[in-house]
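Right, one structure below, let's go through it.
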Number of protein chains: 2
Amino acid sequence: MTTAQARRTPADRHDERRQALADSALRTLGELGYARASLREIANNSEFSHGVVHYYFRDKLELIVYCVREYKARCVHRYDEVVETSRTPEELVAGFADKLVETIVEEAPMHRLWYDLRSQSMFEESLREAVLQIDQTLEDMVWRVVTTYADLSGRAPAMASAVTYGILDGLFQQALLGHLCDKEGVLDELRHRVHDLMPVLLT
Amino acid sequence: MTTAQARRTPADRHDERRQALADSALRTLGELGYARASLREIANNSEFSHGVVHYYFRDKLELIVYCVREYKARCVHRYDEVVETSRTPEELVAGFADKLVETIVEEAPMHRLWYDLRSQSMFEESLREAVLQIDQTLEDMVWRVVTTYADLSGRAPAMASAVTYGILDGLFQQALLGHLCDKEGVLDELRHRVHDLMPVLLT
DNA sequence: GGCAGGTCTTGACGAGTGTCAAGCATCCGG
DNA sequence: CCGGATGCTTGACACTCGTCAAGACCTGCC
């Protein structure tokens with residue numbers, strides 16, 4: 001029936017457009033934030049007109065949650081390569097720290113959107129489920145880094161997964177804010193802090 | 001001239017009303033967040049009507065920045081008593097951890113507002129000055145706790161002030177989100193985590 | 001009392017919002 | 001070549017927003 005037999009079934013086309021729309025939305029959301037990104041603005045930054053949103057999504061919230069889940073899926077394996085290729089603890093720490101800095105430089109809009117949404121979820125219950133799910137995914141991602149680091153070091157993580165994530169997330173958020181405020185040296189500081197901190201995360 | 005000689009000079013009355021309006025605004029902002037707290041809603045939760053805002057404040061932004069600065073002034077000495085009365089490191093850690101938990105329970109709306117504003121400042125430049133200033137004040141507050149803890153322990157802080165703040169802020173934010181999402185045991189976890197973490201913050 | 005002055009309410013404005021229905025375009029099977 | 005379904009645009013709706021001007025209220029002084 002619906003198995004992928006033909007080149008491009010109508011349903012595929014539908015999903016493609018949905019995806020394209022979500023991509024545009026994500027760009028606009030990263031630029032303006034959750035509150036100020038209107039559907040008209042989102043549509044303006046895409047190849048569609050403002051009415052089409054309700055053809056592919058029930059309402060604004062469904063669009064945004066879809067976007068953010070997509071972002072999650074795209075972002076969650078950002079550190080996998082570092083984890084897999086590192087052969088020494090020093091190599092992993094260096095790779096991890098560099099990747100964090102690179103993330104801030106290249107994906108600042110996406111990540112300020114994430115912090116925006118997480119803050120909004122403290123007010124809007126309808127966002128909480130998606131936010132908690134994504135937060136868990138990020139925690140798992142960090143945990144993969146730290147457990148690998150522990151293995152390479154022949155030691156064990158000193159703290160629970162959530163604590164480790166909370167700490168690193170705090171530092172990352174601080175650096176992101178500093179970077180967006182044009183504070184000098186914030187990226188190098190983050191790199192050094194990660195280097196200093198990682199050993200502390202093991203027993 | 002303008003010295004406080006009379007019972008209540010007109011200028012005083014003016015400031016009192018300004019303050020009362022700011023208090024109402026702060027309550028509404030804590031309830032709805034930065035984006036959804038309209039001037040009408042703020043006025044509804046006060047003894048005034050919606051037009052009066054522009055009598056006491058130039059515009060919405062001036063009102064909000066005024067509110068948040070007031071909040072800062074009110075909140076910045078929250079841990080002073082713990083710092084001043086503790087005679088042993090254990091006492092200080094326990095008092096600090098309890099106070100953090102108490103803050104989440106009693107002042108959750110104010111603090112989600114703070115995180116909301118800090119996120120918004122990543123998008124709106126007009127908020128950054130105030131946000132950075134408040135962030136620094138919070139960092140100083142945490143630093144007072146940690147240096148006192150170090151003194152009582154006869155040791156020295158292991159990390160820079162900003163790192164220490166970033167770490168604790170990360171954990172606090174995580175606990176606040178969990179608390180607002182009705183996650184069980186989140187407050188006790190925070191308490192234990194602070195107990196575990198504080199020794200790590202010293203050399 | 002009456003008349004300023006500051007204080008506050010009311011109502012309106014234009015701009016912007018999410019949503020949706022009606023209609024145009026485009027494509028595909030007959 | 002046609003006709004219907006699908007995809008998309010346009011325009012309108014009901015609403016909310018920040019802002020401000022016009023006037024009412026109120027208070028205190030002559």
Side-chain angles (χ1 to χ4, degrees), chain A residues 2 5-26 28-29 31-68 116-117 120 123-124 126-127, chain B residues 2 5-26 28-29 31-68 116-117 120 123-124 126-127:
Chain A
T2 57
Q5 50 204 11
R7 307 289 169 89
R8 34 185 171 175
T9 131
D12 282 348
R13 277 254 173 255
H14 191 89
D15 285 355
E16 277 174 28
R17 301 297 165 90
R18 220 174 123 96
Q19 189 62 40
L21 189 55
D23 282 346
S24 298
L26 216 42
T28 308
L29 283 164
E31 213 53 53
L32 297 178
Y34 172 75
R36 304 198 305 175
S38 69
L39 294 182
R40 280 168 175 82
E41 197 61 39
I42 288 173
N44 272 353
N45 293 5
S46 80
E47 48 182 347
F48 306 105
S49 68
H50 73 270
V52 88
V53 173
H54 288 86
Y55 186 76
Y56 288 108
F57 298 92
R58 191 169 6 95
D59 55 10
K60 191 185 182 183
L61 200 91
E62 192 185 279
L63 167 63
I64 288 181
V65 168
Y66 181 90
C67 287
V68 168
D116 186 9
L117 281 171
Q120 290 309 310
F123 296 94
E124 282 204 49
S126 47
L127 283 171
Chain B
T2 54
Q5 51 205 9
R7 308 290 169 88
R8 38 188 165 170
T9 129
D12 282 348
R13 276 255 174 257
H14 191 88
D15 285 355
E16 278 173 26
R17 301 296 166 89
R18 219 173 124 96
Q19 190 61 40
L21 190 55
D23 282 347
S24 298
L26 217 42
T28 308
L29 282 164
E31 213 53 54
L32 297 179
Y34 173 74
R36 303 198 306 176
S38 70
L39 294 182
R40 282 170 173 81
E41 197 62 38
I42 288 173
N44 273 352
N45 291 6
S46 79
E47 48 182 347
F48 305 105
S49 67
H50 73 270
V52 88
V53 174
H54 288 85
Y55 186 77
Y56 289 107
F57 297 92
R58 190 168 8 94
D59 56 9
K60 192 185 183 183
L61 200 90
E62 192 186 280
L63 167 64
I64 288 181
V65 168
Y66 181 91
C67 286
V68 168
D116 186 8
L117 281 171
Q120 290 310 310
F123 297 94
E124 283 204 48
S126 47
L127 284 172

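Below, chains carry the letters A, B, ... as their sequence lines are ordered, and counting in each starts from 1.
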Whole-Å gap separating [atom2] ([N]) and [atom1] ([X]):
| X | N | atom1 | atom2 | value |
| --- | --- | --- | --- | --- |
| R17(B) | dC8(C) | CZ | C1' | 10 Å |
| Y56(A) | dT9(D) | OH | C1' | 13 Å |
| F48(B) | dT7(C) | CZ | P | 11 Å |
| E16(A) | dG7(D) | CD | C1' | 14 Å |
| R18(A) | dG7(D) | CZ | C1' | 15 Å |
| Y55(A) | dA25(C) | OH | P | 17 Å |
| H54(B) | dC20(D) | NE2 | P | 6 Å |
| I42(B) | dG18(D) | CD1 | C1' | 11 Å |

If each of E47(A) and K60(B) is mapped to the nucleotide of DNA chain D with the nearest heavy atom, which maps nearer the 5' terminus, i.e. the 5' end?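 Of the two residues, E47(A) wins.
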Find out whether the Lys NZ or Arg CZ of R17(B) is both under 6.0 angstrom from the six-membered ring centre of Y56(B) and within 45° of the ring's axis. no
First of E41(A) and R58(A) reached from the 5' end of DNA chain C, by closest nucleotide: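 Counting from the 5' end, the first nearest nucleotide belongs to E41(A).
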Which listed nucleotide (dG7(D), dT9(D), dT19(D)) is nearest to the side chain of L39(B)?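 Out of dG7(D), dT9(D), dT19(D), the nucleotide with an atom closest to L39(B)'s side chain is dT19(D).
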H50(B) side chain, from C-beta outward: closest of dT19(C), dG7(D), dA12(C): dA12(C)
Checking D15(B) side chain against R18(B) main chain: does a donor-acceptor pair fall under 3.5 Å?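 Answer holds: no.
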What is the nucleic acid contact for S49(B), judged by heavy atoms within less than 4.0 Å: base, sugar-phosphate only, or nothing?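 It contacts base atoms.
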Got E41(A) and N45(A) here, is their nearest side-chain heavy-atom distance under 4.5 Å? yes
Flag the pair L117(A) / L29(A) as yes when at least one side-chain heavy-atom distance between them is below 4.5 Å, and no otherwise.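 Sidechains of L29(A) and L117(A): no contact.
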Say whether Y34(A) and Q120(B), considering side chains only, have a donor N or O and an acceptor N or O under 3.5 Å apart.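 No pair is found: no donor N or O on one side chain lies under 3.5 Å from an acceptor on the other.
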So, under a plain 3.5 Å distance rule, would you say the side chain of R40(A) forms a donor-acceptor pair with the base of dG16(C)?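 No pair found.
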So does S38(B) get a side-chain nitrogen or oxygen closer than 4.0 Å to the phosphate oxygens (OP1/OP2) of dC17(D)? yes
